[in-house]
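The structure under discussion appears below in the form of structure tokens.
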Amino acid sequence: MKKAKKYKQTIIPEVHTDEWETLSVYESRQKIFDYYCKHYKGKKNVINQHLGICVKFNQRGARKSSFGTGIYPKKKCLVEILDKMIEYAKYSNWGERKTTDPIDVIGYLNFKVKVKIDKKTEFIHLVIQVTNGGKFHYVQEINRW
């Protein structure tokens, strides 16, 4: 991958936890999955401003986002601004593929992005999966950095 151009995030996506706080873990996971499928999967591609790559949303992403590791209030609501987070995220580094990954996975692009959650600035870690044929898919967990 060629060297990334100098980039500074100028737009900070914003979201609120209000409607997510009262949901159980099961309800949250289902709502995240449904939201992802309705708004992103197979319907939307996002161009990352830093690298200029086109990120696609797929079934793996829906499952990983909703049924992956821990669910906490600040993470739940991020599905509402996932497209904006990917669009404005800053590239950090490359991650090697894991032995447990599907055969078509080459590795991972790691990003960080500033967001406002309930008016407080947070730094979020995003991971984009790179597959054969030069395709980029959002399939990973969003973790606070």
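Please read these numbers as outputs of a predicted model, since none were measured by experiment.
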Please identify each residue that fulfils side chain to side chain donor-acceptor pair (under 3.5 Å) with Ser24, with sequence neighbours left out.
Glu27

Just one of Ile32, Val113, Ile124 clears the side-chain contact (heavy atoms from CB on, under 4.5 Å) bar with Leu78, so which one?
Ile124

Pairwise side-chain contact, Cys54 with Val46, heavy-atom cut-off 4.5 Å (strictly under):
no

My understanding is that only residues two or more places apart in sequence, or in another chain, count here; which of them pass salt bridge (charged side-chain N to carboxylate O under 4.0 Å, His left out) with Glu21?
none

Within the structure provided, determine whether Ile86 and Ile128 are in side-chain contact (heavy-atom separation under 4.5 Å).
yes

Name all residues meeting the salt bridge (charged side-chain N to carboxylate O under 4.0 Å, His left out) criterion together with Lys116; count only those two or more places apart in sequence or in a different chain, and write none if there are none.
none

Looking at every non-hydrogen atom in both residues, tell me the closest pair between Pro13 and Ile81 and how far apart they are.
CB-CD1, 3.8 Å

Any residue meeting side chain to side chain donor-acceptor pair (under 3.5 Å) with Asp34, in chain and number order, not counting sequence neighbours
Gln30

His50 and Tyr7 aromatic ring geometry - parallel, tilted or perpendicular at 30°/60° bounds
parallel

Would you compute the distance between atom NZ of Lys76 and atom OG of Ser28 and round it to the nearest 0.5 angstrom?
3.0 Å

Side chain of Arg97, backbone of Asp101: donor and acceptor closer than 3.5 Å?
yes

Which residues satisfy the side chain to side chain contact (heavy atoms under 4.5 Å, CB included) test with Lys114, sequence neighbours excluded?
Gln9, Ile12, Thr121, Phe123

In the structure I gave you, are the side-chain heavy atoms of Val105 and Pro102 within less than 4.5 Å of one another anywhere?
yes

Who passes side chain to side chain contact (heavy atoms under 4.5 Å, CB included) against Lys120, sequence neighbours left out?
Lys74, Glu122

Could you work out, with ring-ring contact (aromatic ring centres under 6.0 Å, His included) as the rule, every residue matching Tyr35, not counting sequence neighbours?
His39

Between Thr17 and Asp118, is the side-chain hydrogen bond (donor to acceptor under 3.5 Å, both in side chains) condition met? List the steps.
CA-CA 7 Å; Thr17 59; Asp118 295 332; 2.6 Å; yes

Might you work through the side chain to side chain contact (heavy atoms under 4.5 Å, CB included) test for Leu51 and Phe136, ending with a clear yes or no?
CA-CA 11 Å; Leu51 297 182; Phe136 303 92; over 6 Å; no

Please identify each residue that fulfils side chain to side chain contact (heavy atoms under 4.5 Å, CB included) with Ile106, with sequence neighbours left out.
Trp94, Val130, Asn132

Should Val15 and Val115 count as side-chain neighbours, where that means a heavy-atom distance under 4.5 Å?
no

Are His125 and Asn110 side-chain neighbours, meaning at least one heavy-atom pair lies under 4.5 Å?
yes

If the condition is side chain to side chain contact (heavy atoms under 4.5 Å, CB included), which residues does Lys119 pass it with, not counting sequence neighbours?
Glu14, His16

Salt bridge present between Lys31 and Glu80 (N-O < 4.0 angstrom)
no

Please give me the minimum heavy-atom distance between Tyr40 and Val79, naming the atom from each residue.
OH-O, 2.7 Å

For Glu87, salt bridge (charged side-chain N to carboxylate O under 4.0 Å, His left out) partners two or more places apart
Lys84

Interatomic distance, CD@Gln129 vs OH@Tyr108, rounded to 0.5 Å, equals 4.5 Å

Could you go step by step and tell me if Phe111 and Val127 meet the side chain to side chain contact (heavy atoms under 4.5 Å, CB included) rule?
CA-CA 6 Å; Phe111 292 84; Val127 181; over 6 Å; no

